[in-house]
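Report on the structure given below.
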There are 2 protein chains.
Amino acid sequence: MTVGTIRPGGRTARVRAAVLSAAADALVEHGFAGLDLADVASRAEVGKTTVYRRWGTTAGLVADLLTDMAEQSSPRAETGSLLEDLRANARLVQRTLADPRQGALFRAVIVAATCDPRAAEALHRFYAVRIAEWAPCVEEAAQRGELPAGTDAAEVIRAVSAPLYYRLLISGDPVDAAAADCAAEAAVAAAQAGAYTADSDPT
Amino acid sequence: MTVGTIRPGGRTARVRAAVLSAAADALVEHGFAGLDLADVASRAEVGKTTVYRRWGTTAGLVADLLTDMAEQSSPRAETGSLLEDLRANARLVQRTLADPRQGALFRAVIVAATCDPRAAEALHRFYAVRIAEWAPCVEEAAQRGELPAGTDAAEVIRAVSAPLYYRLLISGDPVDAAAADCAAEAAVAAAQAGAYTADSDPT
DNA sequence: CGATTAATGGAACCGGAGACCCGTTATGAC
DNA sequence: GTCATAACGGGTCTCCGGTTCCATTAATCG
């Protein structure tokens, strides 16, 4: 074998999968602040030296976990109605954030992103992927004439999620189905009124 | 002197002020994850034993800092136009979050809130106060007939901030004046369309 | 003003997260 | 199969955040 060869096959991949899965479990249980690499190693039945060597820090591990999460895509809705599509999106986000396991995981990775540039980069990429998956809902609605031309599709999708994350992280209000429906409705109304058109609104 | 007397006067108050100020500085520099009570103590020129005894944990210290922050109120705008008022609010939030010092501080306290129930409670109270200060803008607009009856004023105010916090914490997009204006405009449009009326939207 | 005792401050102590060393395993080229 | 070595794993050590102990300072009451 030549010098410098990488060996991703078999064991290495198995170790990565086990460690990322264990990391998610640990994050759900203790949050990012309580993430202990030795604990992750023992959950994954892997030597703690391995975890420290390959990922280095808790933030590095979370960044890799996010990269992995970004690869699992969730298909968008396609009901033919913008309001219905966005409601489906809002409900999906709402269920995710309200779920004890998923919600805790998302809180943890968001915290990690505020603590480490690489984790932040990975988080932004994760959401960029998710938003790009759902943007066609808005683009198609614009083509159907439901929205003004020049509407920023990604911004509309972000507007649906934003109030739900605000509740989760900041106000502490419940992230329930009513909040999801309200967010979807508000996004549609604002988009129809032209609040998300590209021009920079001269007062 | 009787047994069990509390002594808030003089030294105690001075220590609290110095420690809270030092805590804010430390949070700005190292974030919540890197908050070290010994470091805070030395910045405040106070014995580290004192900090550990009175606040116990980093989260407890942040909770107290938030309680202190909630007491400093920022007056709302009163321009006579809902859009102008909300734009003023959005710009205020935007400037705060975009400011290197304030933005870092807010990120840090939000992180703390996701890690500790008391800090979360303090954060929710902080925002409840801020939202209550600005809600009259919306209520007066409703009385002027600019909005449908039954509009949830607090929800409208939250809708203005939510996209800005989403950018700060999640998407990583810039928190600039354009985003602020967009958020204010969208909130007004959605409110006028009745997206924030109390009824639970039977679709 | 003086006694009482909250409240603070310095220093020694403790435990666990993370770094390091070196032997062991198993991947991939031949 | 076999060989070189990338990658893993257990044990040990170190460093620092957090606790405890006791002496010192100063806030309140008479």
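Please read all numbers here as calculations on a predicted model, not as lab measurements. What you see below is based on every heavy atom in this structure, not just the backbone, and it leaves out hydrogens, waters and symmetry mates.
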Might you list the N or O atoms of the protein lying below 3.5 Å from N or O atoms in nucleotides 22-25 of chain D, with each pair's distance?
| unit_1 | atom_1 | unit_2 | atom_2 | d |
| --- | --- | --- | --- | --- |
| D:dT25 | O2 | B:R11 | NH2 | 3.3 |

Donor-acceptor pair, side chain of B:T79 and main chain of B:S81, under 3.5 angstrom = yes

Are the side chain of B:S42 and the backbone of B:D39 linked by a donor-acceptor contact shorter than 3.5 Å?
-> yes

Is the closest basic N to carboxylate O distance between A:R43 and A:E45 below 4.0 Å?
-> no

Any Lys/Arg nitrogen of A:R54 or A:D64 sitting under 4.0 Å from an Asp/Glu carboxylate oxygen of the other?
-> no

Rounded to whole angstrom units, what separation is found between the [atom1] atom of [X] and the [atom2] atom of [N]?
X	N	atom1	atom2	answer
B:E45	C:dG10	CD	P	11 Å
A:R54	D:dA7	CZ	P	8 Å
A:D39	C:dG15	CG	P	20 Å
A:R14	C:dT25	CZ	C1'	12 Å
A:L61	C:dG18	CG	P	11 Å

Partners of B:Y196 by ring pair (Phe, Tyr, Trp, His ring centres under 6.0 Å), sequence neighbours excluded?
-> none

Kindly calculate the angle separating the two end axes of the helix from C:dC1-D:dG30 to C:dC30-D:dG1, each obtained from five base pairs, and round it to 10 degrees.
-> 50°

Neighbour count >12 (heavy atoms, 6.0 Å) for atom CD, B:Q72 | yes

Tell me the side-chain hydrogen bond (donor to acceptor under 3.5 Å, both in side chains) pairs involving residues 96-117 of chain B, sequence neighbours left out?
-> B:D25-B:R101

B:R130: partners by salt bridge (Lys or Arg N to Asp or Glu O under 4.0 Å), with sequence neighbours left out = none

Validation row: B:V40, B:V19 side chains within 4.5 angstrom (heavy atoms) | yes

Are any non-hydrogen side-chain atoms of A:L123 and A:V62 less than 4.5 angstrom apart?
-> no

When the ring centroid of B:F32 is compared with that of A:F32, is the distance short of 6.0 Å?
-> no

Mind listing the N/O atom pairs, protein and nucleotides 13-17 of chain D, below 3.5 Å?
none

